[in-house]
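See structure below.
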Amino acid sequence: MDRIIFHVDLDCFFAAVEILDHPEYKGFPVITGADPKKGKGRGVVSTCSYEAREFGLHSGMPISKAYHLCPHGIYVRANFGRIKEISTQVMNILNKYSPVFQQVGSDEAYLDMSEIAKDMKQALEIANNIKDEIQSEVGITCSIGVAFTKSLAKIGSDCNKPNGITLITPENYKVILSPLKITRIPGIGKKSKIYYEKHGFQLIGDFFKIPKHKMIAKFGDRGRWIHNLINGNEERKVHDSSYIYHRKSISKERTFYEDTDDYQEIIAKITDLNDKIHDILEKRGILYRTISLKVRFKGFETFLRSKSFNSAIRNQKKALEVVLDLYQEFYSKKKKIRLIGLKFSNLKESSKSNQKKILDFIKQF
DNA sequence: TCTGGGGTCCTAGGACCC
DNA sequence: TCTGGGGTCCTAGGACCC
(Lines give C-alpha, C1' and ligand atoms only; values in the text may rest on other atoms or scores of the structure.)
Protein backbone atom coordinates (compact mmCIF):
# COMPACT_ATOMS: atom_id res chain seq x y z
CA MET A 1 0.00 0.00 0.00
CA ASP A 2 1.41 3.36 -1.01
CA ARG A 3 1.87 5.97 1.65
CA ILE A 4 0.33 9.46 1.45
CA ILE A 5 2.79 12.20 2.40
CA PHE A 6 2.15 15.95 2.44
CA HIS A 7 4.88 18.55 2.16
CA VAL A 8 3.61 21.97 3.21
CA ASP A 9 5.72 24.98 2.27
CA LEU A 10 4.80 28.54 3.30
CA ASP A 11 5.03 30.94 0.35
CA CYS A 12 7.98 33.41 0.65
CA PHE A 13 7.47 33.16 4.39
CA PHE A 14 9.68 35.95 5.79
CA ALA A 15 8.28 38.48 3.32
CA ALA A 16 4.74 37.18 3.98
CA VAL A 17 5.16 37.92 7.70
CA GLU A 18 6.21 41.51 6.90
CA ILE A 19 3.17 41.96 4.66
CA LEU A 20 0.91 40.50 7.35
CA ASP A 21 2.18 43.13 9.81
CA HIS A 22 2.19 45.92 7.19
CA PRO A 23 -0.83 45.39 4.92
CA GLU A 24 0.17 48.56 3.04
CA TYR A 25 3.15 46.57 1.60
CA LYS A 26 0.80 44.19 -0.21
CA GLY A 27 1.31 44.21 -3.98
CA PHE A 28 4.78 45.74 -3.75
CA PRO A 29 8.25 44.21 -4.01
CA VAL A 30 9.13 43.34 -0.39
CA ILE A 31 12.65 42.10 0.30
CA THR A 32 13.91 40.72 3.61
CA GLY A 33 17.61 40.34 4.27
CA ALA A 34 20.68 42.49 4.82
CA ASP A 35 20.57 46.29 4.83
CA PRO A 36 21.18 47.30 1.19
CA LYS A 37 22.87 50.58 2.24
CA LYS A 38 22.02 52.24 -1.09
CA GLY A 39 23.67 49.39 -2.98
CA LYS A 40 26.80 49.20 -0.84
CA GLY A 41 25.51 46.72 1.73
CA ARG A 42 27.05 43.31 2.43
CA GLY A 43 24.97 40.16 2.73
CA VAL A 44 22.18 38.58 0.73
CA VAL A 45 18.45 38.52 0.10
CA SER A 46 16.77 36.18 2.53
CA THR A 47 13.27 36.08 0.98
CA CYS A 48 11.36 38.33 -1.38
CA SER A 49 7.77 38.67 -2.52
CA TYR A 50 6.62 37.58 -5.97
CA GLU A 51 6.47 41.24 -7.05
CA ALA A 52 10.21 41.47 -6.29
CA ARG A 53 10.87 38.26 -8.23
CA GLU A 54 9.47 40.03 -11.30
CA PHE A 55 12.64 42.14 -11.16
CA GLY A 56 14.82 39.03 -11.14
CA LEU A 57 15.41 38.98 -7.39
CA HIS A 58 15.68 35.66 -5.51
CA SER A 59 16.92 34.40 -2.16
CA GLY A 60 20.67 34.15 -1.87
CA MET A 61 21.27 37.03 -4.27
CA PRO A 62 23.78 39.66 -3.03
CA ILE A 63 21.74 42.51 -1.56
CA SER A 64 23.80 45.05 -3.53
CA LYS A 65 22.77 43.43 -6.79
CA ALA A 66 19.13 43.27 -5.66
CA TYR A 67 19.26 47.00 -4.92
CA HIS A 68 20.52 47.78 -8.41
CA LEU A 69 17.80 45.64 -10.02
CA CYS A 70 15.03 46.99 -7.79
CA PRO A 71 16.01 50.26 -6.05
CA HIS A 72 12.43 51.22 -5.20
CA GLY A 73 11.72 47.92 -3.36
CA ILE A 74 10.73 47.79 0.29
CA TYR A 75 13.84 46.48 2.09
CA VAL A 76 13.37 45.22 5.65
CA ARG A 77 15.35 43.18 8.18
CA ALA A 78 13.64 39.88 9.01
CA ASN A 79 11.62 40.10 12.23
CA PHE A 80 12.61 36.80 13.84
CA GLY A 81 10.35 37.25 16.84
CA ARG A 82 7.24 37.51 14.64
CA ILE A 83 8.50 34.78 12.31
CA LYS A 84 8.73 32.40 15.27
CA GLU A 85 5.21 33.35 16.44
CA ILE A 86 3.55 32.92 13.07
CA SER A 87 5.47 29.74 12.40
CA THR A 88 4.25 28.25 15.69
CA GLN A 89 0.64 29.13 14.82
CA VAL A 90 0.92 27.37 11.47
CA MET A 91 2.70 24.30 12.87
CA ASN A 92 0.02 23.90 15.55
CA ILE A 93 -2.62 23.85 12.83
CA LEU A 94 -0.69 21.29 10.75
CA ASN A 95 -0.05 19.03 13.73
CA LYS A 96 -3.83 18.77 14.26
CA TYR A 97 -4.20 17.06 10.89
CA SER A 98 -1.73 14.26 11.63
CA PRO A 99 0.28 13.14 14.67
CA VAL A 100 2.99 11.95 12.30
CA PHE A 101 4.43 15.36 11.68
CA GLN A 102 7.89 16.80 11.04
CA GLN A 103 8.74 20.48 10.99
CA VAL A 104 11.69 21.56 8.84
CA GLY A 105 13.02 25.03 9.54
CA SER A 106 10.42 27.72 10.23
CA ASP A 107 8.41 27.39 7.04
CA GLU A 108 8.12 23.73 6.02
CA ALA A 109 6.61 20.55 7.35
CA TYR A 110 5.91 16.97 6.34
CA LEU A 111 2.73 15.13 7.35
CA ASP A 112 2.16 11.41 6.98
CA MET A 113 -1.53 11.15 6.05
CA SER A 114 -1.55 7.43 5.20
CA GLU A 115 -3.71 6.55 8.20
CA ILE A 116 -6.00 9.56 7.77
CA ALA A 117 -6.83 9.88 4.07
CA LYS A 118 -8.31 6.74 2.53
CA ASP A 119 -7.40 7.69 -1.04
CA MET A 120 -5.89 10.47 -3.14
CA LYS A 121 -9.25 12.11 -3.67
CA GLN A 122 -9.72 12.53 0.06
CA ALA A 123 -6.08 13.62 0.43
CA LEU A 124 -6.73 16.44 -2.01
CA GLU A 125 -9.76 17.56 0.02
CA ILE A 126 -7.71 17.60 3.22
CA ALA A 127 -4.91 19.54 1.52
CA ASN A 128 -7.47 22.13 0.47
CA ASN A 129 -8.81 22.34 4.04
CA ILE A 130 -5.29 22.87 5.39
CA LYS A 131 -4.69 25.68 2.92
CA ASP A 132 -7.99 27.34 3.79
CA GLU A 133 -7.45 27.06 7.52
CA ILE A 134 -3.96 28.59 7.40
CA GLN A 135 -5.30 31.36 5.19
CA SER A 136 -8.24 32.21 7.42
CA GLU A 137 -6.62 31.64 10.84
CA VAL A 138 -3.15 33.06 10.14
CA GLY A 139 -3.58 35.07 6.96
CA ILE A 140 -0.81 33.65 4.81
CA THR A 141 -0.68 31.20 1.90
CA CYS A 142 1.15 27.93 1.46
CA SER A 143 1.78 25.36 -1.25
CA ILE A 144 1.32 21.65 -0.73
CA GLY A 145 2.82 18.62 -2.43
CA VAL A 146 0.91 15.36 -2.01
CA ALA A 147 2.83 12.23 -2.97
CA PHE A 148 3.86 8.72 -1.93
CA THR A 149 7.40 9.62 -0.71
CA LYS A 150 8.88 12.59 1.12
CA SER A 151 11.14 13.68 -1.73
CA LEU A 152 8.34 13.58 -4.29
CA ALA A 153 6.06 15.53 -1.92
CA LYS A 154 8.79 18.14 -1.58
CA ILE A 155 9.25 18.40 -5.33
CA GLY A 156 5.46 18.65 -5.59
CA SER A 157 5.06 21.56 -3.20
CA ASP A 158 7.36 23.55 -5.49
CA CYS A 159 5.41 22.82 -8.68
CA ASN A 160 2.43 25.08 -8.16
CA LYS A 161 3.71 28.02 -6.16
CA PRO A 162 2.31 30.18 -4.72
CA ASN A 163 -0.88 28.93 -3.09
CA GLY A 164 -1.15 25.69 -5.05
CA ILE A 165 -1.52 21.95 -4.58
CA THR A 166 0.23 19.27 -6.65
CA LEU A 167 -0.66 15.60 -6.60
CA ILE A 168 2.05 13.11 -7.51
CA THR A 169 0.99 9.48 -7.85
CA PRO A 170 2.63 6.26 -9.10
CA GLU A 171 0.59 6.82 -12.27
CA ASN A 172 1.59 10.41 -13.06
CA TYR A 173 5.03 10.95 -11.48
CA LYS A 174 6.98 10.51 -14.71
CA VAL A 175 4.78 12.99 -16.58
CA ILE A 176 5.10 15.60 -13.83
CA LEU A 177 8.82 15.19 -13.17
CA SER A 178 10.13 14.75 -16.73
CA PRO A 179 10.06 18.44 -17.81
CA LEU A 180 11.60 19.71 -14.54
CA LYS A 181 15.23 20.85 -14.29
CA ILE A 182 17.47 18.44 -12.36
CA THR A 183 18.11 21.09 -9.66
CA ARG A 184 14.51 20.57 -8.54
CA ILE A 185 15.72 17.32 -7.01
CA PRO A 186 16.44 18.17 -3.35
CA GLY A 187 20.17 17.51 -2.95
CA ILE A 188 21.20 18.56 -6.45
CA GLY A 189 22.54 22.10 -6.25
CA LYS A 190 24.77 24.37 -8.30
CA LYS A 191 27.83 22.12 -8.45
CA SER A 192 26.00 18.90 -9.22
CA LYS A 193 24.03 20.71 -11.92
CA ILE A 194 27.24 21.59 -13.75
CA TYR A 195 28.56 18.05 -13.32
CA TYR A 196 25.43 16.30 -14.64
CA GLU A 197 24.96 18.78 -17.47
CA LYS A 198 28.45 17.91 -18.67
CA HIS A 199 27.23 14.34 -18.95
CA GLY A 200 24.18 15.49 -20.94
CA PHE A 201 21.53 15.55 -18.21
CA GLN A 202 19.48 18.73 -17.90
CA LEU A 203 15.96 17.57 -17.15
CA ILE A 204 14.75 14.91 -14.76
CA GLY A 205 13.33 13.23 -17.85
CA ASP A 206 16.90 12.66 -19.08
CA PHE A 207 17.48 10.50 -15.98
CA PHE A 208 14.32 8.48 -16.68
CA LYS A 209 15.82 7.36 -20.01
CA ILE A 210 18.70 5.56 -18.26
CA PRO A 211 18.09 2.16 -16.63
CA LYS A 212 19.10 1.78 -13.00
CA HIS A 213 22.17 -0.39 -13.60
CA LYS A 214 23.55 2.18 -16.05
CA MET A 215 22.91 5.02 -13.58
CA ILE A 216 24.93 3.08 -11.02
CA ALA A 217 27.69 2.26 -13.52
CA LYS A 218 27.89 5.95 -14.53
CA PHE A 219 27.48 7.73 -11.20
CA GLY A 220 27.93 5.10 -8.47
CA ASP A 221 26.00 5.55 -5.22
CA ARG A 222 24.82 9.00 -6.37
CA GLY A 223 23.34 7.38 -9.48
CA ARG A 224 21.49 4.84 -7.38
CA TRP A 225 20.24 7.60 -5.09
CA ILE A 226 18.90 9.71 -8.00
CA HIS A 227 17.25 6.75 -9.67
CA ASN A 228 15.50 5.69 -6.47
CA LEU A 229 14.43 9.22 -5.56
CA ILE A 230 12.82 10.13 -8.88
CA ASN A 231 11.08 6.76 -9.12
CA GLY A 232 9.53 7.06 -5.69
CA ASN A 233 11.63 4.21 -4.36
CA GLU A 234 12.27 5.70 -0.94
CA GLU A 235 11.48 4.60 2.61
CA ARG A 236 12.41 7.77 4.58
CA LYS A 237 9.76 8.24 7.24
CA VAL A 238 8.09 11.38 8.53
CA HIS A 239 9.34 11.69 12.11
CA ASP A 240 6.48 11.52 14.53
CA SER A 241 6.01 13.67 17.60
CA SER A 242 7.95 11.25 19.80
CA TYR A 243 11.07 11.79 17.75
CA ILE A 244 13.67 13.64 19.77
CA TYR A 245 15.90 15.89 17.78
CA HIS A 246 19.49 16.26 18.95
CA ARG A 247 21.35 19.14 17.42
CA LYS A 248 24.86 18.20 16.41
CA SER A 249 26.62 21.54 16.60
CA ILE A 250 26.16 25.13 17.59
CA SER A 251 27.96 27.94 15.81
CA LYS A 252 28.15 31.68 15.33
CA GLU A 253 29.90 33.65 12.64
CA ARG A 254 30.14 37.29 11.63
CA THR A 255 31.16 39.06 8.46
CA PHE A 256 32.95 42.33 9.17
CA TYR A 257 31.47 45.49 7.69
CA GLU A 258 34.82 45.91 6.00
CA ASP A 259 37.59 43.34 5.60
CA THR A 260 40.09 43.89 8.39
CA ASP A 261 43.57 42.97 9.55
CA ASP A 262 43.26 44.82 12.86
CA TYR A 263 44.38 42.24 15.44
CA GLN A 264 42.48 43.89 18.30
CA GLU A 265 39.24 44.00 16.32
CA ILE A 266 39.54 40.35 15.33
CA ILE A 267 40.34 39.20 18.87
CA ALA A 268 37.43 41.26 20.19
CA LYS A 269 35.08 39.56 17.70
CA ILE A 270 36.34 36.08 18.59
CA THR A 271 35.90 36.84 22.30
CA ASP A 272 32.40 38.16 21.70
CA LEU A 273 31.31 35.09 19.68
CA ASN A 274 32.79 32.80 22.33
CA ASP A 275 30.88 34.62 25.10
CA LYS A 276 27.60 34.51 23.20
CA ILE A 277 27.85 30.80 22.41
CA HIS A 278 28.75 29.97 26.01
CA ASP A 279 25.67 31.85 27.22
CA ILE A 280 23.53 29.55 25.08
CA LEU A 281 25.45 26.41 26.03
CA GLU A 282 25.09 27.25 29.69
CA LYS A 283 21.35 27.95 29.46
CA ARG A 284 20.74 24.65 27.70
CA GLY A 285 23.18 22.64 29.80
CA ILE A 286 25.28 21.53 26.85
CA LEU A 287 28.92 20.36 26.88
CA TYR A 288 31.17 20.05 23.84
CA ARG A 289 34.20 18.02 22.89
CA THR A 290 35.28 19.83 19.70
CA ILE A 291 35.97 23.51 19.01
CA SER A 292 36.40 24.88 15.48
CA LEU A 293 37.55 28.24 14.17
CA LYS A 294 36.46 29.43 10.73
CA VAL A 295 38.40 32.14 8.94
CA ARG A 296 37.34 33.67 5.63
CA PHE A 297 39.83 35.98 3.97
CA LYS A 298 39.20 38.82 1.58
CA GLY A 299 38.36 37.11 -1.71
CA PHE A 300 36.27 34.40 0.03
CA GLU A 301 39.07 31.88 0.65
CA THR A 302 37.81 29.96 3.68
CA PHE A 303 39.60 27.76 6.23
CA LEU A 304 38.52 25.69 9.20
CA ARG A 305 40.70 24.56 12.09
CA SER A 306 39.49 22.40 14.92
CA LYS A 307 40.62 20.73 18.12
CA SER A 308 38.97 17.95 20.12
CA PHE A 309 39.23 17.08 23.80
CA ASN A 310 39.13 13.58 25.24
CA SER A 311 36.01 14.33 27.24
CA ALA A 312 33.17 16.81 27.00
CA ILE A 313 33.66 20.14 28.75
CA ARG A 314 32.17 23.61 28.97
CA ASN A 315 34.88 26.10 29.84
CA GLN A 316 34.68 29.59 28.40
CA LYS A 317 38.27 30.54 29.25
CA LYS A 318 39.76 27.31 27.98
CA ALA A 319 37.73 27.58 24.78
CA LEU A 320 39.03 31.09 24.13
CA GLU A 321 42.61 29.89 24.67
CA VAL A 322 42.13 27.07 22.18
CA VAL A 323 40.53 29.33 19.56
CA LEU A 324 43.21 31.99 19.89
CA ASP A 325 45.81 29.27 19.52
CA LEU A 326 44.11 28.03 16.33
CA TYR A 327 44.00 31.62 15.07
CA GLN A 328 47.79 32.12 15.26
CA GLU A 329 48.31 30.17 12.03
CA PHE A 330 46.19 32.73 10.15
CA TYR A 331 47.51 35.82 11.89
CA SER A 332 50.94 35.11 10.47
CA LYS A 333 49.46 35.28 6.96
CA LYS A 334 48.96 39.06 7.21
CA LYS A 335 45.88 38.96 4.99
CA LYS A 336 42.67 40.91 5.51
CA ILE A 337 39.86 38.91 7.06
CA ARG A 338 36.25 39.01 5.89
CA LEU A 339 34.58 36.64 8.36
CA ILE A 340 35.32 34.92 11.61
CA GLY A 341 33.31 32.03 13.04
CA LEU A 342 33.25 29.64 15.99
CA LYS A 343 31.65 26.22 16.11
CA PHE A 344 31.19 23.79 19.00
CA SER A 345 30.37 20.17 18.16
CA ASN A 346 30.36 16.64 19.54
CA LEU A 347 27.77 17.95 21.96
CA LYS A 348 26.60 16.24 25.12
CA GLU A 349 24.01 17.21 27.68
CA SER A 350 25.58 17.83 31.06
CA SER A 351 24.58 15.30 33.73
CA LYS A 352 23.13 18.19 35.71
CA SER A 353 20.74 19.08 32.91
CA ASN A 354 19.86 15.39 32.52
CA GLN A 355 19.05 15.18 36.22
CA LYS A 356 16.83 18.23 35.88
CA LYS A 357 14.99 16.66 32.95
CA ILE A 358 14.38 13.46 34.90
CA LEU A 359 13.11 15.44 37.91
CA ASP A 360 10.78 17.47 35.68
CA PHE A 361 9.50 14.25 34.21
CA ILE A 362 8.83 12.66 37.63
CA LYS A 363 7.02 15.80 38.79
CA GLN A 364 4.27 15.16 36.24
CA PHE A 365 2.99 12.22 38.28
C1' DT B 1 26.79 40.75 -9.17
C1' DC B 2 30.24 39.53 -5.33
C1' DT B 3 28.70 36.32 -2.27
C1' DG B 4 24.59 36.01 5.53
C1' DG B 5 24.09 32.86 9.15
C1' DG B 6 22.43 28.68 11.02
C1' DG B 7 22.75 24.01 10.28
C1' DT B 8 23.51 18.68 8.29
C1' DC B 9 25.84 15.24 5.80
C1' DC B 10 29.58 13.17 3.03
C1' DT B 11 34.35 12.15 1.64
C1' DA B 12 39.03 11.31 2.20
C1' DG B 13 43.57 10.94 4.29
C1' DG B 14 46.33 9.94 8.31
C1' DA B 15 47.07 8.09 12.95
C1' DC B 16 46.49 4.38 15.72
C1' DC B 17 45.07 -0.20 17.32
C1' DC B 18 44.46 -5.19 16.96
C1' DT C 1 62.25 -6.64 5.28
C1' DC C 2 59.84 -3.99 1.97
C1' DT C 3 54.60 -4.00 4.00
C1' DG C 4 47.57 -7.22 5.33
C1' DG C 5 43.09 -5.85 6.59
C1' DG C 6 39.55 -3.99 9.37
C1' DG C 7 37.87 -0.58 12.48
C1' DT C 8 37.65 3.93 14.71
C1' DC C 9 38.81 8.59 15.59
C1' DC C 10 40.32 13.16 14.17
C1' DT C 11 40.77 16.80 10.88
C1' DA C 12 39.81 19.55 6.61
C1' DG C 13 37.09 20.65 2.91
C1' DG C 14 32.95 21.01 0.44
C1' DA C 15 28.00 20.48 -1.17
C1' DC C 16 23.66 21.52 0.09
C1' DC C 17 19.43 23.23 2.56
C1' DC C 18 16.40 26.85 4.80
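Convention: sequence-line order gives letters A, B, ...; per-chain numbering from 1.
Listed by residue number, A:K248, A:S249, A:I250, A:S251, A:K252, A:E253, A:R254, A:T255 are the residues of residues 248-282 of chain A with a heavy-atom contact under 4.0 Å to DNA chain B.
Nucleic acid contact for A:L339: sugar-phosphate only, since backbone atoms but no base atoms lie under 4.0 Å from a heavy atom of the residue. Counting non-hydrogen atoms under 4.0 angstrom, A:R289 reaches the backbone sugars and phosphates but no base.
Using a cut-off of 4.0 Å between Lys/Arg side-chain N and Asp/Glu carboxylate O, A:K193 and A:E197 are scored as salt-bridged. Comment: A:D279 does not engage A:K283 in a salt bridge, judged by the lack of any side-chain N to carboxylate O separation of less than 4.0 angstrom. No salt bridge links A:E258 with A:R42; every basic N to acidic carboxylate O contact stays at or beyond 4.0 Å. Taking the charged nitrogens against the carboxylate oxygens, A:D21 and A:R82 do have a contact shorter than 4.0 Å, which makes a salt bridge. Taking 4.0 Å as the cut-off between side-chain N and carboxylate O, A:R224 and A:D221 count as a salt-bridged pair.
Residues passing the salt bridge (charged side-chain N to carboxylate O under 4.0 Å, His left out) test with A:K294, sequence neighbours excluded: A:E253. Taking the salt bridge (charged side-chain N to carboxylate O under 4.0 Å, His left out) definition, one finds that A:D35 meets it with nothing, sequence neighbours left out.
Paired runs in DNA chain C that reach 3 or more consecutive Watson-Crick or G-U pairs, where each pair keeps both distances under 3.5 Å, cover B:5-18 with C:5-18.
Nucleotides of DNA chain B that come within less than 4.0 Å of any heavy atom of chain A span, from the 5' end to the 3' end, B:dT1 to B:dC9.
Comparing A:K191 and A:F309, the nucleotide of DNA chain C nearest to each residue sits closer to the 5' end for A:F309.
Among residues at least two apart or in separate chains, side-chain hydrogen bond (donor to acceptor under 3.5 Å, both in side chains) pairs with a member in residues 172-188 of chain A are A:D158-A:R184, A:T169-A:N172, A:Y173-A:N231.
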